Amino acid sequence: MNTLTLSTHPIVADRLTRLRDVNTTPEQFRGHVHALTLILASEATQALSLQDSQVETPLQAHTGSALQEHITLVPILRAGLGMVSALHLLIPQADVRHLGFYRDEEKLEPVAYYEKLPKGQASDCCLVLDPMLATGGSAIAAIDTLKEWGCPRILFLGILGAPEGARALERAHPDVAIHLCGIDERLNEVGYILPGLGDAGDRLFAT
Ligand code: PRP
Ligand code: URA
C-alpha cells in the first residue's frame, strides 16, 4: 500500500526553499514552518470523515457537518511543537498529547523521555507532527506508542523526509498515511537529511 503523499503546492516549494536557507532567522524559520504546516494540514485532513451537525442560524435550524472523529495532535518534542499552532488554526477543538523522543546521536535510535497518555481514553484519530523524518525511528516509535494506547487511526505530517525514513515508516506502519512537503536525496553518515535544513529543533528554538 502506498501511503506517502508529497505536497505539490507551489507555495510549499517556495517556502521550503526559504526554510532550508542557512541565513533564515529563527523567527522566519517559525513563520515558514507555520505556513508549510497550514498547507500540508489542509491537504492531509481532506481524508477526515464528517457527520451531520445541527445548528441554529439567525433564521432557521440547519443540518450542517462536523468532523466525525475526535482529533488529537501529537507533536514529537521538541520540533513537532512548531507545527501545533497551524493545526490549531484549522482544528481548534483538537487536544494535544505530547510525546518526547530524542535521537541517540551515536546509534541514531529514538530514546523516549516523555509520555502521559491517559489509559483507556485513546483518541479516535491522532495527527503525529514532526518536521523531520530522517531514519524514521522517532516517528515509528511514536506511532508504536499511540497504537499501544489504542488509537485506531493515525496520520503522520512532516515537512522534510529522507527516502530511508519514509520507506522505514511505510514498512513499520503501512496503515498510516504519511504527508510530507518534500523528500530529499539521502541521509549523511551522522543521520542528517541532505540537502535538508539542519537541526529543525535548534533552528525553531534558536538553540
Ligand atoms: C529530530 C526531529 C525528529 C528526529 C528525526 O529530533 O525533530 O524527531 O530528529 O530523526 P529520526 O527520523 O532519525 O528519528 P531530535 O532528536 O533532534 O530532537 P529535538 O526535536 O528535541 O531537537
Ligand atoms: N533531525 C533534524 O532536525 N534534522 C535532520 O536532518 C535529521 C534529524
Side-chain angles (χ1 to χ4, degrees), residues 3-4 6 15-26 28-34 36-37 40-41 44 72-87 96-117 126-147 154-174 176-207:
T3 59
L4 174 63
L6 292 179
R15 289 285 192 139
L16 195 50
T17 304
R18 295 170 194 269
L19 188 76
R20 292 179 191 279
D21 190 333
V22 68
N23 295 311
T24 292
T25 65
Q28 293 166 334
F29 194 91
R30 288 191 292 272
H32 295 319
V33 168
H34 184 79
L36 286 162
T37 307
L40 187 75
T72 297
L73 310 179
V74 184
I76 301 180
L77 303 176
R78 292 172 301 162
L81 291 174
M83 300 172 74
V84 171
S85 59
L87 260 304
V96 183
R97 300 282 177 192
H98 303 83
L99 290 179
F101 288 97
Y102 69 86
R103 284 202 313 177
D104 176 302
E105 288 188 3
E106 281 178 10
K107 296 189 200 141
L108 295 182
E109 284 168 7
V111 181
Y113 66 90
Y114 185 85
E115 185 254 282
K116 280 200 189 303
L117 300 174
C126 286
L127 307 188
V128 178
L129 311 177
D130 193 333
M132 307 304 275
L133 183 64
T135 65
S138 304
I140 291 169
I143 294 167
D144 286 342
T145 305
L146 295 173
K147 286 187 174 175
I154 301 171
L155 284 74
F156 178 85
L157 277 67
I159 305 284
L160 255 194
E164 296 91 328
R167 273 198 301 271
L169 180 52
E170 281 185 313
R171 258 197 312 273
H173 294 294
V176 170
I178 306 167
H179 293 268
L180 296 173
C181 293
I183 195 139
D184 274 3
E185 287 163 23
R186 64 181 176 90
L187 293 178
N188 71 8
E189 56 290 346
V190 288
Y192 273 76
I193 298 173
L194 292 178
L197 51 77
D199 187 305
D202 284 350
R203 296 196 66 184
L204 271 168
F205 299 117
T207 49

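Side chains are part of it too, since the values below use all heavy atoms of this structure and drop only hydrogens, waters and symmetry mates. Start at 1 and go down the list; that is how both ligands and their atoms are numbered. Please read these numbers as outputs of a predicted model, since none were measured by experiment.
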Hey, are Arg203 and Asp21 close enough for a salt bridge, meaning a charged N less than 4.0 Å from a carboxylate O? no
Side chains of Thr24 and His32: donor-acceptor distance under 3.5 Å anywhere? no
If you scan protein heavy atoms around atom 5 (C) of ligand 2, the nearest is Tyr192 CD2, 3.5 Å
Any nitrogen or oxygen of Met132, main chain or side chain, under 3.5 Å from a nitrogen or oxygen of ligand 2? no
Evaluate Gly201 for polar contact with ligand 2, using N/O atom pairs at a separation under 3.5 Å. no
So how far is it from Glu115 CD to Phe101 CZ, rounded to the nearest 0.5 Å? 8.0 Å
With rounding to the nearest 0.5 Å, note down the distance linking CG in Leu197 to CG in Leu16. 7.5 Å
Pull out every atom of ligand 2 sitting under 4.0 Å from any heavy atom of Gly198, numbered as shown with elements. 2 (C), 3 (O), 4 (N), 5 (C), 6 (O)
Atom 6 (O) of ligand 2 has as its nearest protein heavy atom Ile193 N, 2.9 Å
Roughly how far, to the nearest 0.5 Å, is the OG1 atom of Thr145 from the CD1 atom of Ile154? 9.5 Å
Just which atoms of ligand 2 are under 4.0 Å from any heavy atom in Ala134? 7 (C), 8 (C)
Heavy-atom gap Arg103 to ligand 2 smaller than 4.0 Å: yes
Is atom CZ of Arg20 surrounded by more than 12 heavy atoms (other residues, nucleotides or ligands) closer than 6.0 Å? yes
Look at the rings of Tyr113 and Tyr102 and say which category their plane angle falls in: under 30° parallel, 30 to 60° tilted, over 60° perpendicular. tilted
Could you find the nearest protein heavy atom to atom 3 (O) of ligand 2 and give me its residue, atom name and distance? Ala200 N, 2.8 Å
Hey, does Val128 have a side-chain heavy atom less than 4.5 Å from the side chain of Leu146? yes
Side chains of Lys116 and His98, donor plus acceptor under 3.5 Å: no
Ligand-protein N/O pairs under 3.5 Å (ligand 1):
residue  : atom   : partner : partner atom : Å
ligand 1 : 7 (O)  : Asp130  : OD1          : 3.0
ligand 1 : 8 (O)  : Asp130  : OD2          : 2.5
ligand 1 : 12 (O) : Ala134  : N            : 2.9
ligand 1 : 12 (O) : Thr135  : N            : 3.1
ligand 1 : 12 (O) : Gly136  : N            : 2.8
ligand 1 : 13 (O) : Arg103  : NH1          : 2.8
ligand 1 : 13 (O) : Thr135  : N            : 2.9
ligand 1 : 13 (O) : Thr135  : OG1          : 2.6
ligand 1 : 14 (O) : Ser138  : N            : 2.9
ligand 1 : 14 (O) : Ser138  : OG           : 2.6
ligand 1 : 16 (O) : Arg103  : N            : 2.9
ligand 1 : 20 (O) : Arg78   : N            : 3.1
ligand 1 : 20 (O) : Ala79   : N            : 3.1
ligand 1 : 21 (O) : Arg78   : N            : 3.2
ligand 1 : 21 (O) : Arg78   : NE           : 2.8
ligand 1 : 22 (O) : Arg78   : NE           : 3.4
ligand 1 : 22 (O) : Arg78   : NH2          : 2.8

Arg103 and Asp199 ion-paired at < 4.0 Å: no
For Gly191, the atoms of ligand 2 under 4.0 Å from one of its heavy atoms are 7 (C)
